[in-house]
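Here is the structure we will look at, set down as structure tokens.
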Number of protein chains: 4
Amino acid sequence: MAEPEDRDLPTRERILAAAERLFARRGFSGTSIRDITDAVGIKPPALYNHFPNKEDLYAEVLAASLRPLIELIDAAADAADGAPNIEGADQIVGRGMDLLREHPHGPALLMLEGITGADHLARIARDWIRPLIERGVSVLKENDASGRWSEDVYPNVIWMWFCSAFGHVALSALYAEVFDEDGLADSPFARHRDFMAAVATASFEPKR
Amino acid sequence: MAEPEDRDLPTRERILAAAERLFARRGFSGTSIRDITDAVGIKPPALYNHFPNKEDLYAEVLAASLRPLIELIDAAADAADGAPNIEGADQIVGRGMDLLREHPHGPALLMLEGITGADHLARIARDWIRPLIERGVSVLKENDASGRWSEDVYPNVIWMWFCSAFGHVALSALYAEVFDEDGLADSPFARHRDFMAAVATASFEPKR
Amino acid sequence: MAEPEDRDLPTRERILAAAERLFARRGFSGTSIRDITDAVGIKPPALYNHFPNKEDLYAEVLAASLRPLIELIDAAADAADGAPNIEGADQIVGRGMDLLREHPHGPALLMLEGITGADHLARIARDWIRPLIERGVSVLKENDASGRWSEDVYPNVIWMWFCSAFGHVALSALYAEVFDEDGLADSPFARHRDFMAAVATASFEPKR
Amino acid sequence: MAEPEDRDLPTRERILAAAERLFARRGFSGTSIRDITDAVGIKPPALYNHFPNKEDLYAEVLAASLRPLIELIDAAADAADGAPNIEGADQIVGRGMDLLREHPHGPALLMLEGITGADHLARIARDWIRPLIERGVSVLKENDASGRWSEDVYPNVIWMWFCSAFGHVALSALYAEVFDEDGLADSPFARHRDFMAAVATASFEPKR
DNA sequence: GATGAATGAGGATTCATTCAT
DNA sequence: AATGAATGAATCCTCATTCAT
């Protein structure tokens, strides 16, 4: 708990790191300023030299936590853009999950926001999720040669993968309790990622 | 907001209903006793005539919210138990989602618990999720004739469907912001349910 | 300080009494909730069972403190309405001051507000002071036969008396330090009141 | 608001000017160090290079704000010392008010202190107000030939004029709300000053 | 002189809970 | 079964002040 949260970094960064971890684990109202400052090793008033209030700190954590995810997913989609049909699907899914795994707080924060539908939801949806979906849909339009799906379910395709992938990462605590192993550890994670990639393959296998 | 939460029901039931809705929307620490009693139309001390404290009320809400889900999913699985191969998969998925839709607070509560990994998580995992997974795995063992999957990914199959289905229902607020329509309304919901059922079908289509 | 503030009265009244005294002596921002609740003999949270917040408590104190002043002055003006010329002026002044003396917190609160020009000033001016001035002006119009003053200085007449009378009562702490006697005690107060009444008489003495 | 408070002056003077204005408008406890430094355009710690703490800054503001008033009033009294009877009264009153008008924060600060009776009151009373009163009384003794007043009400005379004159200037915010015009603007101020001078004349008009 | 970072003390207010009625 | 009044603990945040730079 009181891990000094990377003692070398400037205080502002340490606050962001501690806040990200705590907000992701306990939600906004479940995390107190004191929780965060205790984790950083400062007193509560010191936090206000770096952030004007809890809300703004949270907004910054949210943005900082989602930005790399979207950027990386975007880059992965770029890479897969010209790729041939079926192989593309499983590779995108696999890469996407690997990226989520490296930034597991983002999915948790996003799903907490998505469920509780708090104040930031509209902005998140507009700025992060909608572009992500649109990006995915356009990739599908160019690459799906399976003949299985009409264009108007492409958003559902992306949405389902979004729920599955973000859900797996965000729900790692539940996964651990259910399966007695850390869902983000190498082997279980690989198994799940590969399974999801295989479902993707099956989904875009040309219809007989 | 201040809907008197079914004026005819006994107070205890009205508290449970209001608490379920609020806990699902704002989480445990984001919901105050006053929020609940305001929704019911009583004063905070009156709540303590029916529940010993907030924690126990929450535990009861959680159980009451998850029990029907598990029971109904269980029943759906029973019905599909003897069903033939491929048709079974999409029917189970479709029925399961219809059931979730009727009790949308359950998925939200479960995912909030699953993310924040709070005190109830171990019990929930043991009592509700593990049996659900095991039930699904055994159904798969009896019915999967696709030749696509080895038995040790069956848990991943169920887990992925769990994330997708519970995620879609729990994240309806996010869905609404992203797609400008209520993901639980008839037509969008049917589209997503049918798409997921189709993916199930594709996943269990016998391999060529 | 910790006088129990009239132990018999209901808590709400005791809070109002303590708050009036403290706000009048130390101003709004110089008075803490704890100051008030200490004077009443309760803990700070108990105050919130009776008033929603400090601002509203202050507003209520202000209204409760000014209302009797205005009402009584109004009544005094009524009584003097039909009175003959000169005698009226000194009697109104004398009676008005006697009334202020009985409610000395009102002038203090009003002058603090009037100086700091805080949020309530506009409302106070409109609801309390303007009617008071207008009332005084109309009395002057009917009764001033001195031939000394044009009608357009009547507001200045009232304003000057307002400053003098409210000032004397509000500034009793300063008066005490300057003159080494309590300006609200019987004898010094009577001397000042009678002097002011005499000035009023001189001011409305028919011009030679 | 964020007027840089006379950019050319040395920081110390700019702090004094900003502090005077803010203390006069919001009182001691209603003004924070940050309010002052914001108005000056520096950060709070910089203030401590010029003043040891808030209390001492306030004391200096108070002295600096009252000193010119007293000096100027004193000078005005000197000038009127040899002046003949009746004309003197109105001239002193008129000149005194003109002086107050040029330093309107002094009256506000003084009345706030006089009402709240804070720590500085005794010193202020002794050092500033008492000499002022005594000076006025001695002028009256030498000049009052009206035969209207016994010598023991002379202090009341001065006190009443003090309340009226300081009150009018300090309460300019209230005046503005009540009369819809700035009480310190040329025309309204002149009207009030002349009225007060006229009352002075009437008060010292030889009795018939 | 000025500032960024820090802090102890205290600010108003909320919260879960109790208890007498 | 319900409530008004009360409270200890905790909430977010502000404040005056310090100190190293």
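Naming: A, B, ... by sequence-line order, numbering from 1 per chain. Below, all heavy atoms of this structure are taken into account, side chains as well, without hydrogens, waters or symmetry copies. All figures in this text were calculated on a predicted structure; none of them were measured in a lab.
- When the P atom of E:dA16 is taken as reference, atom CG of B:D56 falls 14 Å away, rounded to whole Å.
- Sequence order on DNA chain E of the closest nucleotides to B:K54 and A:L47 puts A:L47 first from the 5' end.
- Under the rule for a side chain to side chain donor-acceptor pair (under 3.5 Å), the partners of A:R12 that lie at least two apart in sequence or sit in another chain are A:E60.
- Judged by distance alone with a 3.5 Å cut-off, a donor-acceptor contact links the side chain of A:N49 to the base of E:dA6.
- For the residue pair A:H103 and A:E20, no side-chain donor N or O sits within less than 3.5 Å of a side-chain acceptor on the partner.
- In this entry E:dT21 has F:dA2 as its Watson-Crick or G-U wobble partner, both defining distances falling under 3.5 Å.
- Residue C:T37 is out of contact with every strand shown, counting any heavy-atom pair closer than 4.0 Å.
- Atom CD1 in A:I42 sits roughly 14 Å away from atom P in F:dC12 (whole-Å rounding).
- Computed from coordinates, the C:K43 NZ to E:dT18 P distance equals 19 Å when rounded to whole Å.
- Residue contacts for D:S29: at a heavy-atom cut-off of 4.0 Å it reaches no nucleic acid atom on any strand shown.
- Rounding to whole angstrom units, CG of residue D:D38 and P of F:dT14 are separated by 13 Å.
- A salt bridge between A:R34 and A:D38 is present, with a side-chain N of the basic residue lying under 4.0 Å from a carboxylate O of the acidic one.
- Taking 4.0 angstrom as the limit, A:H50 places a side-chain polar atom (N or O) nearer than this to OP1 or OP2 of E:dA6.
- The 5' end of DNA chain F is approached more closely, in terms of each residue's nearest nucleotide, by A:N53 than by the other of A:N53 and D:P45.
- With rounding to whole Å, A:F23 atom CZ is found 9 Å from F:dC12 atom P.
- Whole-Å rounding puts the B:F51 CZ to E:dT17 C1' distance at 16 Å.
- Taking atom CD on A:E55 and atom P on F:dT11, their separation rounds to 17 Å, with Å as the unit.
- With no hydrogens or angles considered, a side-chain donor-acceptor pair links B:Y58 and B:E113 at under 3.5 Å.
- Side chains of A:E55 and A:H120: a donor on one and an acceptor on the other come within 3.5 Å.
- Where A:T11 and B:I33 each meet DNA chain E at their nearest nucleotide, the meeting point lying more 5' is that of A:T11.
- Closest approach to the C:S32 side chain among E:dA12, F:dC19, F:dA2 is made by E:dA12 (side chain taken as heavy atoms from C-beta onward).
- The distance between atom CG of D:L57 and atom C1' of F:dT17, rounded to the nearest whole Å, is 14 Å.
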